[in-house]
Structures are given as structure tokens and as C-alpha cells.
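Everything below concerns the one structure shown next.
Note that the structure is predicted; figures quoted are calculated from it, not measured. Along the sequence shown, residues carry numbers from 1.
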Amino acid sequence: MSAFVRIHEVGPRDGLQNESAVIPVADKVALIDLLSTSGLRDIEVGSFVSPKWVPQMADTDRVLAELTPVKNVRYGVLVPNMRGWEGFVAARVPDVTYEVAVFISASEGFSQSNLNCSIAESVARLTPVVQAAKDAGVGVRGYISCVTDCPFDGPVAPNAVARAAELLLAVAPMQLSLGDTIGKGTPETVGAMLKAVIDVAPAAQLAGHFHDTGGQALANIEVSLEMGLRAFDSAVGGLGGCPYAPGAPGNVATEAVLDLVHGLGFETGVDRDVIAKAAEMARGMR
């Protein structure tokens with residue numbers, strides 16, 4: 001089993017999108033630039049979604065223009081549809097490594113609430129985005145929301161998550177980030193879900209994305225590690241949540257994940273001291 005764990009920092013996007021105050025572009029860029037010096041290889045920096053629905057991400061084009069890219073860091077953006085793809089293409093900066101993220105839900109209730117469409121319809125919407133990214137040589141990552149519980153439908157069956165994974169992988173090969181969107185997952189439910197998903201995608205292709213609403217995020221990461229996952233999403237300072245998921249206040253904090261995985265003997269290549277400074281900066285944005 002690999003001793004290296006890859007941390008995917010989502011604070012500048014999944015974290016800040018849920019903050020009520022308007023955060024200046026300069027502050028976002030300062031946070032991203034600090035994170036870029038920490039040894040992180042993946043930083044999600046914004047999204048090209050409708051500013052009507054997620055106003056905190058309306059300035060992602062300016063963020064891309066003003067951040068200072070670091071070699072070997074991949075900058076991620078969420079792109080839900082072709083309109084978002086066109087916005088990304090207009091904003092991308094030459095010679096910077098990007099990754100676009102697409103997303104679906106494992107529950108129909110959340111898909112209808114978040115995307116105003118069924119799961120099948122959401123896959124149809126994102127398929128041309130994935131193809132455009134492949135044609136442009138841009139990497140793609142897939143998010144699956146509500147992998148243990150849905151705020152509208154309740155508990156989500158593990159086989160529903162496996163089906164969602166199959167739908168995304170039928171579009172194209174990609175890493176799949178499995179999101180416990182409202183933080184109700186437990187080691188037992190996460191373990192059962194992973195067992196089902198690993199039947200359709202190897203653990204090396206999966207990432208865990210845990211919110212700490214129920215105080216179980218670190219325990220859920222431990223069981224994920226035991227099942228072979230070596231990639232996890234986290235938000236510096238525990239920022240954020242999902243504006244369309246009632247009861248989802250914050251992602252697991254990057255600094256807490258580092259303490260856990262380093263304590264278990266894994267390597268990350270991430271400087272804990274730099275992350276501590278970034279966490280202090282992030283908390284100041286609230």
C-alpha cells in the first residue's frame with residue numbers, strides 16, 4: 001500500500017462559496033498564493049457557475065488572472081455546463097496547469113434541489129464539458145455528492161453511489177471524489193459505501209470528501225485509508241460547506257487531516273507550518 005497521501009485543497013472554492021460576506025479578490029488570491037507554497041499539488045480555486053446562485057464565485061475569472069501560478073501545482077475549477085466551460089476558456093491563463101471538476105449527486109432529491117434536473121440529465125449536461133476538456137488537454141475530476149446521506153432523501157444506498165460512479169466513468173476515466181455532503185457519514189456507512197464503489201472503480205481512483213458536521217470526518221478518513229484510498233479533499237481552516245445542503249457547515253480542516261495522516265506514518269509533501277498560516281488567514285475571512 002502506498003505511503004503517500006495526496007491532499008486536494010478545496011478551501012478557496014468549496015470553502016469560500018458558503019461564506020456570507022463578500023470576500024475581495026485580493027484576499028482570495030493571497031490565500032491561494034500562500035497555499036501554493038505549501039507543497040500542495042492540487043488547489044481548487046473557483047467555479048464557473050451562475051453568479052445568481054453562487055455569488056462568491058462570480059469573480060473566478062479575476063482570481064485566475066491574478067494568482068501567481070507555481071510549477072507542479074494543479075489549479076482546479078468547477079465547471080457544471082458548457083456555459084461554464086466557455087467562461088473558463090475565456091479566463092484561463094497560458095502555461096498554467098488546470099483541472100476542471102464536474103459533479104453529480106448519488107441522490108435524486110439533491111440533484112433536483114442543486115441542479116434542477118435528474119441524475120441522468122446532469123450526466124448529459126456534463127458530458128460535452130468532459131469532451132471539451134479532453135480535446136483541450138485539460139484534466140477532469142468528478143464529484144459525487146451525498147454518498148451516505150441526503151438532506152432531502154435521507155440515507156443513500158451504497159449501490160446508488162456505485163451506479164453514480166459508473167455513470168461518470170462511462171463518460172471518461174477520471175478521479176472520483178466521494179462527498180459526504182452533510183457530514184452524517186460514519187465509519188460504518190462510509191465503509192459500506194466504499195465497498196460498493198470499489199467494485200466498480202479501484203481505490204486508487206477514489207478520493208474522500210468529508211464534512212465534519214457530525215464530528216466523524218477524521219474517523220471516516222481512517223476507514224477510507226484502511227480500504228486503500230490515498231487522496232482526500234479538505235479545506236484549510238475548516239472553511240465552507242454547501243449552500244444547497246442544509247446542515248453542511250464545514251469541510252474537514254486541512255491541518256487536521258495532515259495531523260492525522262502524518263501521525264499514521266503517511267507522507268504528504270505538505271508543510272504543516274505553511275498550512276497553519278493559511279488556516280489563520282482563512283479564518284480571518286469569515
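Remark: side-chain polar atoms of Tyr75 are not paired, donor with acceptor, to backbone N or O of Gly46 under 3.5 angstrom. Under the 3.5 Å distance criterion, the side-chain polar atoms of Glu9 are matched with a main-chain donor or acceptor of Val236. Checked by atom type and distance alone, the side chain of Asp212 pairs as donor or acceptor with a backbone atom of Ala217 at under 3.5 Å. For the pair Asn220 (side chain) and Gly185 (backbone), a donor-acceptor distance under 3.5 Å is present. Looking at Asn114, its side chain never comes within 3.5 Å of a backbone N or O of Phe110 through a donor-acceptor pair. With Gln216 contributing its side chain and Lys184 its backbone, the two residues share no donor-acceptor pair below 3.5 Å. Checking side-chain atoms of Arg41 against main-chain N and O of Gly269 turns up no donor-acceptor pair under 3.5 Å. At least one donor-acceptor pair closer than 3.5 Å links the side chain of Asn251 to the backbone N or O of Leu239.
No donor-acceptor contact under 3.5 angstrom links the side chains of Ser111 and Ser105, judged on distance only.
Nearest heavy-atom pair across Leu225 and Val261 is CD1-CG1, 4.2 Å. When all heavy atoms are compared, the tightest approach of Ile182 to Cys150 is CD1-C, 4.0 Å. Closest approach of Lys28 to Leu16, counting heavy atoms only: CG-CD1, 3.9 Å. The minimum heavy-atom distance between Ser234 and Ile7, with the atom names listed, is OG-CG2, 3.4 Å. Shortest non-hydrogen contact noted between Val79 and Val102 is O-CG1, 3.6 Å. What you find for Pro151 and Cys146 is that their closest heavy atoms are CD-SG, 4.0 Å.
With a 4.5 Å cut-off on side-chain heavy atoms, Leu178 and Leu194 count as touching. Within the 4.5 Å cutoff, side-chain heavy atoms of Leu64 are placed close to those of Val77. You'll find the side chain of Val129 stays beyond 4.5 Å of the side chain of Val140, heavy atoms only. At a threshold of 4.5 Å between non-hydrogen side-chain atoms, the residues Lys134 and Val171 do not count as touching.
Checking each of Leu206, Val147, Val200 against Leu176 for a side chain to side chain contact (heavy atoms under 4.5 Å, CB included) leaves exactly one that passes, namely Leu206. Remark: of the listed residues Thr186, Thr148, Thr189, Thr148 is the sole one forming a side chain to side chain donor-acceptor pair (under 3.5 Å) with Asp180.
Between the CZ atom in Arg272 and the CG atom in Asp259 there is a gap of 4.0 Å [rounded to 0.5 Å]. One finds the CD1 atom of Ile23 at 9.0 Å from the CG atom of Asp59 (value rounded to the nearest 0.5 Å).
With respect to the salt-bridge test (charged N to carboxylate O, under 4.0 angstrom), the residues Arg283 and Glu255 qualify.
A cation-pi arrangement is present between Arg141 and Tyr143 under the rule of less than 6.0 angstrom and at most 45 degrees off the ring axis.
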